[in-house]
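What follows is a set of notes on a single structure, which appears directly below.
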Amino acid sequence: MAQQCTVPALRARKGGVPLVMVTAYDAPTARIADEAGVDLILVGDSVAMVVLGYDDTLSVSVADMVHHTAAVARTHPRPLVVADLPWLSYHLGTDDAVRNAAALIRAGAQAVKLEGGRKRVPVVRALVDAEIPVMGHLGLTPQSLHAMGGFKVQGKDTEAARTLVEDAEALTEAGCFALVLEGVPDRVARMITSCVDIPTIGIGAGPWCDGQVLVFHDVTGLEDRIAPKFVRRYASLKADGVAAVGAWASDVREGRFPSDAECYHLPDGVTLDDEDMVGLYGQVSAVTGH
């Protein structure tokens, strides 16, 4: 059996073979991620958009995240399971943040992720003091969608880049074991990666991070409505699924499904004549009223 990935082991991967993190939101996707050999599974609040049908991540709740985290954790995957703290679950004070993070840990997460820079330092310290490993998230932070004016690349000028570096250093000092860098210029991500002694994991942040993360539905082509610049699709599972269900529907309508091989049959020697069938029908009718 492959060895379980741990926070200390992943932190030690800084500067080594790039880390691979992919999202998963249920048991089937978790098993695929595990068997594919990734290092981390992120139960992301992106579940709101790719599974639950929302337009952004703001509507997902702690209860939603607990539900999906538990589904992933029940598969006992080898990768480290990181769960997103959703919007407003860590913004109202450290006690609230620790309580909500504890719910995700009890559901099976081994670490939590939160968005934001230096303003999150008190929360990060409180979580670390509670023995809850924390992954930070800088750059394009989807929970700040409205404040940022949309899903826009961050750190595009000197001052903004400097702020991101300072935020990364502050989160590292506060105790984060890794940082997600999303939607920042590649040179800025490279600068941040060189300035901190914990792994950086990029998404739309170029090749110089210590690892990469993508959404499962993007990688596999289950989601084909949106194609951010940084997404590379390795399959077309939605198209394959549409074709498969369409072919089955056609077989049903044309009488080709089910075949004799796909039916259950009475054992040899058991027969039902017309009289038996009439009696059986009468018993069923008496029960159902039909």
Side-chain angles (χ1 to χ4, degrees), residues 21-25 42-69 82-93 96-97 100-101 104 109 112-124 127 134-157 159-168 170-171 176 178-186 188-189 192 200-206 209 212-219 222-231:
M21 181 163 75
V22 71
T23 64
Y25 314 104
L42 174 64
V43 187
D45 59 1
S46 50
V47 66
M49 301 172 72
V50 299
V51 174
L52 301 180
Y54 295 114
D55 293 329
D56 54 48
T57 65
L58 301 181
S59 295
V60 75
S61 67
V62 173
D64 291 328
M65 295 306 302
V66 165
H67 175 82
H68 289 279
T69 298
V82 181
D84 265 336
L85 280 165
W87 178 65
L88 222 58
S89 68
Y90 54 95
H91 302 69
L92 304 180
D96 201 39
N100 289 323
L104 295 176
V112 298
K113 181 170 74 64
L114 52 74
E115 298 180 3
R118 280 162 287 182
K119 68 174 69 175
R120 304 299 178 218
V121 163
V123 171
V124 171
L127 293 172
V134 182
M135 177 180 286
H137 185 153
L138 293 172
L140 196 171
T141 47
Q143 292 175 14
S144 304
L145 165 69
H146 297 309
M148 290 181 171
F151 295 104
K152 297 181 178 180
V153 174
Q154 302 296 303
K156 295 175 69 174
D157 59 54
E159 185 58 33
R162 183 180 294 114
T163 296
L164 285 175
V165 171
E166 292 171 353
D167 283 343
L171 290 175
C176 286
L179 295 174
V180 167
L181 304 179
E182 179 172 359
V184 300
D186 53 358
V188 176
I192 294 171
T200 60
I201 301 175
I203 177 167
C209 296
Q212 299 290 331
V213 58
L214 282 177
V215 170
F216 179 92
H217 293 58
D218 288 336
V219 174
L222 273 174
E223 173 60 71
D224 65 355
R225 296 171 300 165
I226 304 170
K229 180 178 182 178
F230 54 80
V231 167

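All residue numbers in this chain count up from 1 along the given sequence.
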With heavy-atom distances below 4.5 Å as the criterion, would you say the side chains of V112 and Y90 are in contact?
no

Here the gap from F230 atom CZ to E182 atom CD, rounded to the nearest 0.5 Å, amounts to 5.5 Å

Under the criterion side-chain contact (heavy atoms from CB on, under 4.5 Å), I'd like the reasoning laid out for K156 against V188: C-alpha separation, chi angles, the key distance, then a yes or no.
CA-CA 8 Å; K156 295 175 69 174; V188 176; over 6 Å; no

Which pair of non-hydrogen atoms, one from M21 and one from V180, has the smallest distance, and what is that distance?
CE-CG2, 3.9 Å

Side chain of D167, backbone of L164: donor and acceptor closer than 3.5 Å?
no

Measure from the side-chain N and O atoms of Q154 to the backbone N and O of T141, and report whether any donor-acceptor pair falls under 3.5 Å.
no

Just how far is it from atom OG of S46 to atom CG of D56, taken to the nearest 0.5 Å?
12.0 Å

Ignoring hydrogens and geometry, is there a side-chain-to-backbone donor-acceptor pair from N100 to S89 under 3.5 Å?
yes

Hey, what do you get for NE2 (H68) to CG (L104), rounding to the nearest 0.5 Å?
12.0 Å

L85 pairs by side chain to side chain contact (heavy atoms under 4.5 Å, CB included) with which of L127, V123, V62, D45?
L127

Search all heavy atoms of G155 against all heavy atoms of A160 and return the closest pair with its distance.
CA-CB, 3.6 Å

Taking all non-hydrogen atoms of both residues into account, name the closest pair between L58 and P142 and its distance.
CD2-O, 4.4 Å

Going by heavy atoms in the side chains, are M135 and I201 under 4.5 Å from each other?
yes

Main chain of L222, side chain of H217: is a donor-acceptor contact present, judged purely on distance under 3.5 Å?
no

Polar side-chain atom of E115 near backbone of Q143 as donor-acceptor pair, under 3.5 Å
yes

Would you say T57 and P86 make side-chain contact, with heavy atoms under 4.5 Å?
no

Within 6.0 Å of CG in D55, more than 12 heavy atoms from elsewhere:
no

State, to 0.1 Å, how close L171 and G116 come at their nearest heavy-atom pair, and which atoms those are.
CD1-O, 3.4 Å

Side-chain contact, heavy-atom cut-off 4.5 Å: D64 with V47?
no

Between C176 and G136, which heavy-atom pair has the shortest distance, and what is it?
SG-N, 3.8 Å

Residue pair A109 / A83: nearest heavy atoms and the distance that separates them:
CB-CB, 3.8 Å

The reported gap from OG in S61 to CH2 in W87 (rounded to nearest 0.5 angstrom) is 12.5 Å

Find the distance between NE2 (H137) and CG (L179) and round it off to the nearest 0.5 Å.
10.0 Å

Is any side-chain heavy atom of V184 less than 4.5 Å from a side-chain heavy atom of L140?
no

When you measure from the side chain of T23 to the backbone N and O of L42, does any donor-acceptor pair fall under 3.5 Å?
no

Can you tell me how far CG of D218 sits from CD of E223, rounded to the nearest 0.5 angstrom?
6.5 Å

Sidechain-backbone polar pair: H91 side chain, L88 backbone, donor-acceptor under 3.5 Å
yes

